[in-house]
Amino acid sequence: MLKKLLLLLCFMYHVNAQDSLHYSIDLNRLQHDRLTVNVKLPAGVKEFCFPKMVPGTYAIYNFGRFVSNMQAFDATGNALSVVRKDTNTFFLPNASTLCYEVDDSWDSPEIKGPYIFEPAGTNFQQDSLFALNTHALLGYVKGKEQIPVSLQLTTPKGLVASTSLSAQKDTYTASSFQQLTDAPILVAPADTVHIRKANADILISVYSPNQKIKASEVAKELKPLLQAQLHYLGGRFPVNNYAFLIVMSAHLKNGSYGALEHAKSSFYYLPEDSIEVMGPVIRDVSAHEFFHIQTPLNLHSEEIGSFDFQNPSMSQHLWLYEGLTEYAAQHMQLQGGLISLPAFLERMTEKYRTMNFSYDNTIPFTKMSKGVLGKYKEEYGNVYQKGALIGLCLDIFFRSETDGRYGTQQLIRDLSARFGPNKSFQDEDLFKLIAETSKIKGVDSFFSKYVSGNKDLPLNEMLEKIGCELSSPAGKKDKVALLEAIKQDMKEIKNPSPSQLNLRKAWMTN
């Protein structure tokens with residue numbers, strides 16, 4: 001009986017070992033600005049793929065174009081022929097192991113294709129910096145995207161790895177390829193700070209080549225922000241650990257900088273300057289990226305929950321993922337006393353102006369979202385402009401219908417509790433779910449007019465409810481009217497009524 005049990009256990013171990021994917025990368029083996037990736041494959045592999053796109057980017061990058069010299073071997077070490085079907089797909093039947101080289105995306109101009117936003121890409125600099133967005137390094141087995149994966153990473157002496165992943169003996173494990181690649185790794189000289197806030201361990205890791213800014217200085221900027229976010233989220237974070245990975249650069253490519261969100265971390269590529277100059281920038285960008293722990297981590301549709309790295313299907317709800325996140329990032333700072341009401345209104349005014357002058361607001365927002373990879377890709381930036389203003393109007397509408405008791409921050413908490421990181425909603429059901437959850441009369445009409453429809457946002461009507469105004473030619477599309485719009489400001493009205501002041505107080509405090 002014991003012998004049979006041991007045989008069964010060995011068989012089970014063999015099956016489990018076979019149904020997983022193991023990567024290893026030695027950062028000391030950097031040659032010609034390329035890293036070598038070794039992979040142990042599960043049984044039955046036919047196709048090995050690299051992402052065409054990854055969540056949060058809303059652009060086709062084709063990461064397979066940075067891969068070269070793919071070699072595959074069977075279980076006895078014999079070389080197998082490899083057929084490259086397209087930029088991102090390799091055909092290698094019955095392979096047991098493989099290895100390939102990969103270039104970084106930050107400074108490989110000979111590799112043609114669309115420019116990759118630095119926070120979504122990679123950089124390999126021996127003895128100083130390895131920016132590892134692993135979706136740009138690692139491939140996956142087609143049809144086995146959900147099997148467990150692990151990455152063994154050997155780092156150069158004097159450098160440390162920072163990530164939201166936990167490691168044992170330099171090996172990171174994850175339940176799936178998506179979970180592993182949703183956690184970038186920054187390898188650089190040690191400059192880190194750990195903060196314990198409520199239920200979460202927060203890591204701040206900074207690379208500043210000329211040492212103009214330190215992690216301790218960034219931590220000082222982020223502590224009041226995290227406190228305000230904690231209050232906004234109801235006193236508890238929806239994650240138990242989080243990593244801010246920050247790279248400062250004195251040589252910004254294309255003048256572009258910013259960040260990319262992940263479930264438990266965010267990766268930043270910012271101009272290198274003093275904390276006096278960069279502190280407000282870091283705080284503002286971090287406010288947005290950190291709030292993605294709500295959407296899409298704890299609230300997302302099937303398009304994100306079961307993301308297809310080869311043939312991505314876009315959700316119609318960028319107003320939620322990016323727009324409402326941007327609104328919350330600003331509203332949270334107002335509620336937390338980090339910015340004043342005039343400063344908040346000034347930021348919203350700038351979004352209003354940019355929306356009017358840079359984007360086509362006759363396109364329904366849901367339609368733009370679905371077509372953002374193709375026909376409407378030039379309209380994507382409006383998610384941070386009109387998308388945030390949708391959030392402002394929806395929040396005030398909710399509060400006006402509930403005497404200030406219920407707003408968008410409570411809505412997201414309620415929906416997140418119903419779904420969470422492992423349960424997706426159906427894209428077409430979201431408006432109905434919001435109506436059911438909020439129980440607010442008229443919310444379906446709001447969405448049909450202003451989100452799935454193309455009626456002008458009711459900014460004047462909503463601002464008036466909190467004793468503010470925007471005197472602008474809303475609704476008029478002629479050039480003269482638009483030129484007049486840029487002269488207008490969102491501002492407090494003189495002598496607001498008690499009801500307006502009461503609603504404003506509720507909106508600004510809870």
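These numbers come from a predicted model, not from an experiment.
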Novice: Do the side chains of R418 and D414 get close enough for a salt bridge, i.e. N-O under 4.0 angstrom?
Specialist: no
Novice: Taking V54's backbone N and O only, do any of them form a donor-acceptor pair with T57's side chain (distance below 3.5 Å, no angle check)?
Specialist: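 It does hold such a pair.
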Novice: I'd like to know if the side chain of S176 pairs up with that of Q178 as donor and acceptor (distance under 3.5 Å, no hydrogens or angles considered).
Specialist: no
Novice: Kindly state whether the ring of Y327 and the ring of Y384 have centres lying under 6.0 angstrom apart.
Specialist: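 Ring-ring flag for Y327/Y384: false, centres at least 6.0 Å apart.
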Novice: Under 6.0 Å between ring centres, would you say that holds for F63 and H135?
Specialist: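 Yes - the distance between ring centres of F63 and H135 falls below the 6.0 Å cut-off.
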Novice: Any Lys/Arg nitrogen of K264 or D201 sitting under 4.0 Å from an Asp/Glu carboxylate oxygen of the other?
Specialist: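 Result for this pair is no, no salt bridge flagged.
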Novice: Under 4.0 Å between a side-chain nitrogen and a carboxylate oxygen: does that hold for K144 and D19?
Specialist: yes
Novice: If you draw the axis of the six-membered ring of Y380, does the NZ or CZ of K377 fall within 45° of it and under 6.0 Å from the ring centre?
Specialist: no
Novice: Aromatic rings F397 and F446: how do their planes relate, parallel, tilted or perpendicular, breaks at 30° and 60°?
Specialist: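 It falls in the parallel class, under 30°.
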Novice: Once the angle between the rings of F419 and F425 is folded into 0 to 90°, is it parallel (under 30°), tilted (30 to 60°) or perpendicular (over 60°)?
Specialist: perpendicular
Novice: Start with the C-alpha distance between R34 and E101, add both sets of side-chain angles, then the distance that settles salt bridge (Lys or Arg N to Asp or Glu O under 4.0 Å), and finish with yes or no.
Specialist: CA-CA 6 Å; R34 294 177 182 172; E101 294 180 343; 3.3 Å; yes
Novice: Got a salt bridge between K212 and E272, using NZ or NE/NH1/NH2 to carboxylate O under 4.0 Å?
Specialist: no
Novice: Verify the neighbour count for atom NZ of K197: are there more than 12 heavy atoms of other residues, nucleotides or ligands below 6.0 Å?
Specialist: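 More than 12 within 6.0 Å, yes.
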Novice: Please check if the side chain of H317 supplies one atom and the backbone of L320 the other of a donor-acceptor pair under 3.5 Å.
Specialist: no
Novice: Does either side chain, that of T325 or that of T295, offer a donor lying less than 3.5 Å from an acceptor on the other one?
Specialist: yes
Novice: Taking the ring centre of each residue, are F398 and W507 less than 6.0 Å apart?
Specialist: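 Distance test on ring centres: not under 6.0 Å, no.
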Novice: What class does the angle between the rings of F309 and F177 fall in, given that below 30° is parallel, 30 to 60° is tilted and above 60° is perpendicular?
Specialist: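 Rings of F309 and F177: perpendicular, as their planes differ by over 60°.
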Novice: When the ring centroid of Y359 is compared with that of F357, is the distance short of 6.0 Å?
Specialist: no
Novice: Can a side-chain donor-acceptor contact be found between N361 and N382 if the only test is distance below 3.5 angstrom?
Specialist: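 The answer is yes; a qualifying pair exists.
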